[in-house]
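Below is one structure, written out as structure tokens; the observations come after it.
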Amino acid sequence: MWVDGRARVMVDAGGGSFVRFGESGARLADLSLLAISHLHPDHVTDLAGLLWLSDSDRQEPLPLVGPSGRNEYSSFSTFLDRLFDPADGAFPVLSGTVGGPGRGVLVEPLTIEIETRASSLVLEESGLVVRALPVPHGNVPALAYRVEVGGVSVVFSSDQNGSDPRFVEFSRDATALVMHLAVSPTASGFGRELHATPATVGRVASEASVRQLVLSHLFVHESPEELEAGVAEVRSHYSGILRAADDLACFPLG
């Protein structure tokens, strides 16, 4: 999310985000927050790449937030240690990120308790307010984020199945809701346990009265016809501004 020409909030760091971050003209030094929704690989695999040589571009600590653990999923703080610990981490050369002797800008990690029923304040800085809410994504600890600044509010849904009514209230009257369209209208079984169907995406946006809906995390494993059908299903439930995200697309909100 860009504010006054600067990238201020980044949500997730999946494969390709390292390249796209640079192509967009964003700078790590401008970020007020890097927020991780959950620890599935397609949302976090480029974190190490983003932090590589980060101390060359940024001197101030970088606020970094993610979910607590559950079942086989470690907490965000443990995940960072497993990546960057100077003795046992996968990338000890980046141990500077966790206060060790290596490279990398120091991060200020915040772990959000996934079992909480209420939203949590993540950041409040110079008119920028970020809150997090746990969302249902099967048994995977996952967080949605709401960013408010300058009279604009943007909600990032994360991967979720859309079954928790708290998320509708969390998204209420948002300027934009960025919600994942990760399964087709005909999805069943495990896919529907993890991801909201197109009908659910449309209903959530409508019930929350968001001004515009941006469809993200588009399912690429389905046919173009199924993607078109999914977008049409969303539209049948939501009558506001509807956009489909693409790499490096920019949607003005002010």
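Fair warning: this is a prediction, and the values are worked out from it, not measured in the lab.
Counting non-hydrogen atoms of other residues, nucleotides and ligands closer than 6.0 Å to CD of Glu108 gives a total above 12. No more than 12 heavy atoms of other residues, nucleotides or ligands sit less than 6.0 Å from atom CD of Glu228. At most 12 heavy atoms of other shown residues, nucleotides or ligands fall within 6.0 angstrom of atom CZ in Arg211.
Side chains of Glu226 and Thr186 form a contact here, defined as non-hydrogen atoms less than 4.5 Å apart. Within the 4.5 Å cutoff, the side chain of Leu110 has no heavy atoms near those of the Pro63 side chain. Annotation: side chain of Pro67 is not in contact with side chain of Thr111 (no heavy-atom distance under 4.5 Å). Using a 4.5 Å heavy-atom cutoff, the side chains of Val147 and Leu123 are not in contact. With a 4.5 Å cut-off on side-chain heavy atoms, His38 and Pro141 do not count as touching. Residues Phe156 and Asp12 have side chains not in contact (no heavy-atom distance under 4.5 Å, counting atoms from C-beta outward). Side-chain contact between Arg20 and Ser17 is absent, with no heavy-atom pair separated by less than 4.5 Å. Side-chain contact check for Val93 versus Trp52: some heavy-atom pair is nearer than 4.5 Å.
Between Arg166 and Glu169 there is no salt bridge, since no side-chain N of the basic residue sits under 4.0 Å from a carboxylate O of the acidic one. Using a cut-off of 4.0 Å between Lys/Arg side-chain N and Asp/Glu carboxylate O, Glu115 and Arg70 are scored as salt-bridged.
Atom NE2 of His137 is separated from atom NE2 of His180 by 9.0 Å, given to the nearest 0.5 angstrom. For the atom pair OG of Ser153 and CG of Leu177, the computed distance is 10.0 Å after rounding to the nearest 0.5 Å. The CG atom of Leu47 lies 10.0 Å from the CG atom of Leu39; values are rounded to the nearest 0.5 Å. The OG1 atom of Thr97 sits 7.0 Å away from the CG atom of Leu80 when rounded to the nearest 0.5 Å. In this structure, CD on Gln160 lies 11.5 Å from CG on Leu194, to the nearest 0.5 angstrom. Here the CG-CG distance, from Asp46 to Leu51, works out to 10.5 Å after rounding to the nearest 0.5 Å.
Here the shortest heavy-atom pairing between Tyr238 and Gly202 reads CB-O, 3.7 Å. Shown here for Val204 and Gly162, the closest heavy-atom pair between the two residues is CG2-O, 4.3 Å. A pairwise comparison of heavy atoms in Met179 and Ser157 identifies CA-OG, 3.2 Å as the closest pair. Nearest heavy-atom pair across Glu23 and Leu248 is OE1-CD1, 3.8 Å. Between Met10 and Leu50, the shortest heavy-atom distance links the atoms CE-CD1, 3.5 Å. Closest of all the heavy-atom pairs between Val234 and Leu242 is CG1-CD1, 4.1 Å.
Under a hydrophobic-cluster definition in which Ile, Leu, Val, Met, Phe, Trp and Tyr are linked whenever side-chain heavy atoms come within less than 4.5 Å, directly or via other members, Leu34 and Phe21 are assigned to the same cluster. Follow the hydrophobic side-chain contacts under 4.5 Å out from Val130 and you never reach Phe167; the two are in separate clusters. A continuous path of ILVMFWY side-chain contacts below 4.5 Å connects Leu53 to Phe91, so both sit in one hydrophobic cluster. The hydrophobic cluster containing Leu33 does not contain Leu31, counting ILVMFWY residues as joined when their side-chain heavy atoms lie under 4.5 angstrom apart, directly or transitively. In terms of hydrophobic clustering, with Ile, Leu, Val, Met, Phe, Trp and Tyr side chains grouped at heavy-atom distances under 4.5 Å, Val210 and Val178 are assigned to different clusters.
Between the Asp42 side chain and the Gly14 main chain, no donor and acceptor come within less than 3.5 Å of each other. Between the Arg6 side chain and the Arg8 main chain, no donor and acceptor come within less than 3.5 Å of each other. Between the Ser119 side chain and the Leu133 main chain, no donor and acceptor come within less than 3.5 Å of each other. In this structure, Ser68 contributes its side chain and Ile114 its backbone to a donor-acceptor pair below 3.5 Å. The backbone N or O of Gly230 sits nowhere less than 3.5 Å from a side-chain atom of Arg235 that would complete a donor-acceptor pair. Of the possible donor and acceptor atoms, none in the side chain of Ser206 sits under 3.5 Å from a partner among the backbone N and O of Arg203.
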Review point. Could you walk me through whether Leu181 and Leu227 pass the side-chain contact (heavy atoms from CB on, under 4.5 Å) check?
Key: CA-CA 9 Å; Leu181 188 69; Leu227 177 56; 4.2 Å; yes
Check your understanding: Between Phe170 and Val135, is a side-chain contact (heavy atoms from CB on, under 4.5 Å) present by the stated rule, with each step listed?
Key -> CA-CA 11 Å; Phe170 186 70; Val135 290; over 6 Å; no
Practice item. Please step through side-chain contact (heavy atoms from CB on, under 4.5 Å) for the pair Arg192 and Asn161, ending with a clear verdict. Key: CA-CA 7 Å; Arg192 291 178 70 121; Asn161 60 29; over 6 Å; no
Exercise for review: Kindly determine whether Thr78 and Arg82 satisfy side-chain contact (heavy atoms from CB on, under 4.5 Å), including the steps that lead there.
Suggested key: CA-CA 6 Å; Thr78 300; Arg82 288 174 175 172; 3.6 Å; yes
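For the side chain to side chain donor-acceptor pair (under 3.5 Å) with Arg103, the qualifying choice from Ser54, Ser95, Ser56 is Ser56, the only one to do so.
By the ring-ring contact (aromatic ring centres under 6.0 Å, His included) test, Tyr73 pairs with His40, sequence neighbours left out. Asp81 is linked by a side-chain contact (heavy atoms from CB on, under 4.5 Å) to Val98, counting only residues two or more places apart in sequence or in another chain. Contacts of Ser216 classified as side-chain hydrogen bond (donor to acceptor under 3.5 Å, both in side chains), with partners at least two apart in sequence or in another chain: none.
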